[in-house]
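All remarks here apply to the structure that follows.
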There are 2 protein chains.
Amino acid sequence: MAASLDTVFSALADPTRRAILAMLLEDDMAVTDVAEPFEMSLAAISKHLTVLTGAGLISQERRGRVKWCKLEPDALREASVWMQGFGMMNGLDLDAFERFLDAELADPSLLEEKE
Amino acid sequence: MAASLDTVFSALADPTRRAILAMLLEDDMAVTDVAEPFEMSLAAISKHLTVLTGAGLISQERRGRVKWCKLEPDALREASVWMQGFGMMNGLDLDAFERFLDAELADPSLLEEKE
DNA sequence: CGCATATTCAACCAACTGGTTGACATTCCT
DNA sequence: AGGAATGTCAACCAGTTGGTTGAATATGCG
C-alpha cells in the first residue's frame, strides 16, 4: 500500500480509528470483534477499517467467512520520521533512547506484559 | 492551547500545513511571507494558520501590522508518544517509555540545544 | 438445502474542509 | 490626512467525512 503522509495522518485523526489500532496492538481481530466495543454500526467500523487499510496502518486477510485485521506498524514509521526530522525530538537524548530501547528489547519478561 | 490528538493529527494531514511547519522550522515568519510560495489566496493560508494554532503546533504574535508565526514543537510530543507506542515500541513497556520521555523532556539542560 | 454468521455495498444525510472573492479593520509611511 | 500593506471576516461553493439503514454476498453449519 502506498501510504502517503496525508492518508496516514488523516487516518490517525479519528479517535475511533486510533482506538481500533490500540486494540489491534494486543492481537489480530475479526471485523465483528473490532466493532463490538463501539456504539456504532458494523458498516461504520468496516469503513474505518477500509481507511486504516488505505493508509497502510493495518492489513486485512480473509479466511473463510472471517476477515482478520492485523496491525502494520511500519506505516507509522514514515510519519514518525517526518516528525522527528523536523525537530520535534529536540533536546532528546537519542543515545539514552537507544539504550532504553535495547534494555527493553533485551528483557523478554517485559514483552509478555502487553497489558 | 488544549491540543487533542484529533486536532494535531488532523492539522498534520494537510500537505500545505506540513509545508508551513517545515518553513517555520527555519525561522519565524510573517503571515504574508508564509503565504508567498503557495499558489493560493492569503485568506486560505490565514485559515491554515488558524488550524495550526488551534492544534497548538504554532503560535502567533502580533507586532504592529505584522503577525509573526512561530513553531511550537512541543505540541507534537503527545502525538509522537502515541505513535511511538506502535512502531518501534511495539510490545514494549509503554509506561516505562513514557517515564523515559518525561524524564528526558523535563531536563532543562537538554532542552536548550534546540538547533 | 436452509438458516445463521460475517462483511460489504449503495444510497442517503448532516457536518466539516479547503478553497474562493470582496469588504473591512489596523497599522505604517510620507 | 491619504494611501499602501497586513491580515481577518463573511458568505459562498464543491467535495469529503462519518454516520445511518436496508439489501446483497459469501461462507459455514446441521
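Predicted, not measured: the structure shown is a model, and the values here were computed from it. Just so it is clear: chains get the letters A, B, ... in the order the sequence lines come, proteins before strands, and each one is counted from 1.
Residue pairs meeting the salt bridge (Lys or Arg N to Asp or Glu O under 4.0 Å) criterion with at least one partner in residues 41-61 of chain A, sequence neighbours excluded, are Glu61(A)-Arg63(A).
Using a distance-only test at 3.5 Å, with no hydrogens or angles considered, no donor-acceptor pair links the side chain of Ser46(A) to the main chain of Leu42(A). Looking only at distances, no side-chain donor or acceptor of Arg62(A) sits under 3.5 Å from a matching main-chain atom of Lys67(A).
For the pair Ile45(A) CD1 and dT20(D) C1', the interatomic distance rounds to 13 Å; values are reported in whole Å. Between Glu36(A) atom CD and dT5(C) atom P the separation is 15 Å, expressed in whole Å. Regarding Gln60(B), its CD atom lies at a distance of 11 Å from the C1' atom of dT8(D), rounded to whole Å. Atom-to-atom, CG of Leu42(A) to P of dT25(D) comes out at 18 Å; the value is rounded to the nearest Å. Across the protein-nucleic acid pair, Met29(B) atom CE and dG7(D) atom P stand 11 Å apart, rounded to whole Å. Rounded to whole angstrom, the span from the NZ atom of Lys67(B) across to the C1' atom of dA5(D) amounts to 16 Å. Across the protein-nucleic acid pair, Glu61(B) atom CD and dT6(D) atom P stand 18 Å apart, rounded to whole Å.
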Across nucleotides 9-19 of chain D, 5' to 3', mark each nucleotide with B, S or - according to how protein heavy atoms within less than 4.0 Å reach it.
B-B------SB
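Across all non-hydrogen atoms, the minimal contact from Phe9(A) to Ala13(B) is CB-CA, 3.6 Å.
Looking at residues two or more places apart in sequence or on another chain, you find no salt bridge (Lys or Arg N to Asp or Glu O under 4.0 Å) involving Asp28(A). Shown here are the side chain to side chain contact (heavy atoms under 4.5 Å, CB included) partners of Val51(A), two or more places apart in sequence or in another chain: Ala11(A), Arg17(A). In this structure, the side chain to side chain donor-acceptor pair (under 3.5 Å) partners of Ser59(A), at least two apart in sequence or on a different chain, are Glu72(A).
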Restricting both atoms to N or O, compile the protein contacts to nucleotides 26-30 of chain C shorter than 3.5 Å, with distance only.
unit_1: dT27(C); atom_1: O3'; unit_2: Arg65(B); atom_2: N; d: 3.4

Side chain to side chain contact (heavy atoms under 4.5 Å, CB included), that's the test. Do Gln60(B) and Val31(B) meet it? Break it down for me.
CA-CA 9 Å; Gln60(B) 291 180 286; Val31(B) 173; 4.0 Å; yes
Show your reasoning for whether side chain to side chain contact (heavy atoms under 4.5 Å, CB included) applies to Leu57(A) and Leu12(A).
CA-CA 9 Å; Leu57(A) 290 165; Leu12(A) 294 179; 3.9 Å; yes
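The shortest distance between the side-chain N/O atoms of Ser46(B) and the OP1/OP2 oxygens of dT8(D) is below 4.0 Å.
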